[in-house]
Amino acid sequence: MLLKDKFFEVLHEERITANDAVYLCGIKPDCDVYNGHFPGKPVSPGVCNIEMIKECTEMLTGKDLVIDTIKQCRLTAVASPAVCPKVDVKVSVAASEDGQSYAVVASIADGETSYMELKGTFKIK
Amino acid sequence: MTKEEIIEKVNPLLAEEFEVEESDITPDAVIYDTLELDSLSLVDLVAVIEHAFKVKIPAADLPTVKTFADLYTYIESHQA
Amino acid sequence: MLYQNDELFKLMPQRDPIVMVDKIIDAEGDVAHTGLSVKAGNYFIEEDGRMAEPGLIEHIAQSASAFKGHKALVAGEPLPIGYIGEVKKFHCYVRPAVGDELLTTICLGAEVNGVTLMTGETRCGDTLVADTQMKIFVE
């Protein structure tokens, strides 16, 4: 995984069913991405949050995944290690009939604030 | 294009873009509520109208377009 | 070629290690062509030597951000700082590999209250790599 234990770490995993889980993730302030995003003003890149959702989905399904499509992904608030040091990454998957991909609905939030809502299809690599 | 033609063309486009039932789009319904518009999706509405009718709704005019009837009238009076 | 490598830094705030566009080839009206040479040290390269899909989204977003920066520079306006507001209808067809030359077409569309709708399409040679709609929110 590209960003696990670099951009984020999993502090707690709550499996609700085989297809639903919530990952409490710590956003690591010392990640090198903040050297460039942006110099002197650390903001978590939205695409790193998308990758974090993908990697949590890989943990839930136990498969290596590729994002095939994103139907819609809304970035509803600016995230940073200072603003949201811990977030809940909520993932629900539904396997396709041929078993080669998953319909994914995911969100990133902490308490009151929602940072991201994503709907898409992830394929097994 | 007559107003009837505008309605016939725009309603299915809006229903598809915003994933609502076409039957929910009535002349007196408030656009923002029916389509659940917010600061991000407002631009989708503007883009749909611009693409379908070559009518650009400037931000300054948006407050005058409240209901679907307002929208049809706006398109009718601004079309080329 | 309008801008290459470090020249882009006057158009956008991103710096190493997350610079995901390294050229603007041309720009006219609302359309620009941009590019990226995929190198081994790229932030989004996975263990198999291919780019993770969010890297493509970032490439398209930074291409649009640099294009808007170019337009602001030409108009003598301050540089906008853009954030991704929404990614819609993104499709990744192929994950690019180290050594690939990505070429991207950016089309800026409607703009309302600081939110710009745009489309991006990335190719590598004749192969379609990814396409998407995006909303860029400018602060």
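Throughout, protein chains are lettered first and strands after them, A, B, ... in sequence-line order, and every chain is numbered starting at 1.
Contact annotation for C/Y83: only side-chain heavy atoms (C-beta onward) come within less than 4.5 Å of a heavy atom of chain A. For C/L56, no part sits under 4.5 Å from any heavy atom of chain A, backbone or side chain. If you measure heavy-atom distances from A/M116 to chain C, you find no contacts under 4.5 Å at all. For chain C, the nearby part of A/L3 is the side chain; its heavy atoms alone come within less than 4.5 Å. Neither the backbone nor the side chain of C/Q133 has a heavy atom closer than 4.5 Å to any heavy atom of chain A. For C/I18, the part lying under 4.5 angstrom from a heavy atom of chain A is the side chain only. Of the atoms belonging to C/F44, heavy atoms from both backbone and side chain fall under 4.5 Å from chain A.
For the set A/T69, A/T121, A/I67, the entry with the most heavy-atom pairs within less than 4.5 Å of chain C is A/I67. Each of A/N35, A/D32, A/T76, A/V78 has some count of heavy-atom pairs under 4.5 Å with chain C, and the biggest count is that of A/D32.
In this structure, A/I50 CD1 and C/I84 CD1 are separated by 6.5 Å, a value rounded to the nearest 0.5 Å. Atom NZ of C/K135 is separated from atom SG of A/C73 by 11.5 Å, given to the nearest 0.5 angstrom. Put simply, CD on C/E58 and NE2 on A/H37 are 5.0 Å apart, with the number rounded to the nearest 0.5 Å.
Counted within 6.0 Å of NZ on C/K88, heavy atoms from surrounding residues, nucleotides or ligands total more than 12; the atom is thus considered enclosed. Atom NZ of A/K28 has more than 12 heavy atoms from other residues, nucleotides or ligands within 6.0 Å. Atom NZ of A/K71 has 12 or fewer heavy atoms from other residues, nucleotides or ligands within 6.0 Å. For A/D98, the CG atom is densely surrounded, since the number of other residues' heavy atoms within 6.0 Å is greater than 12. The environment of A/K90 atom NZ is sparse: at most 12 non-hydrogen atoms of other residues, nucleotides or ligands sit within 6.0 angstrom.
The side-chain heavy atoms of A/K125 and C/R95, taken from C-beta on, include a pair separated by under 4.5 Å.
Under a 4.0 Å N-O distance rule, the pair A/K54/C/E46 qualifies as a salt bridge.
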task = Applying side-chain contact (heavy atoms from CB on, under 4.5 Å), run through A/D68 and C/H91 and close with a yes or a no.
result = CA-CA 6 Å; A/D68 184 35; C/H91 202 140; 3.5 Å; yes
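No option in A/V66, A/L65, A/V47 other than A/V66 meets the side chain to side chain contact (heavy atoms under 4.5 Å, CB included) test with C/E53.
Annotation for A/P39 and C/P13: closest pair CD-O, 3.6 Å, computed over non-hydrogen atoms.
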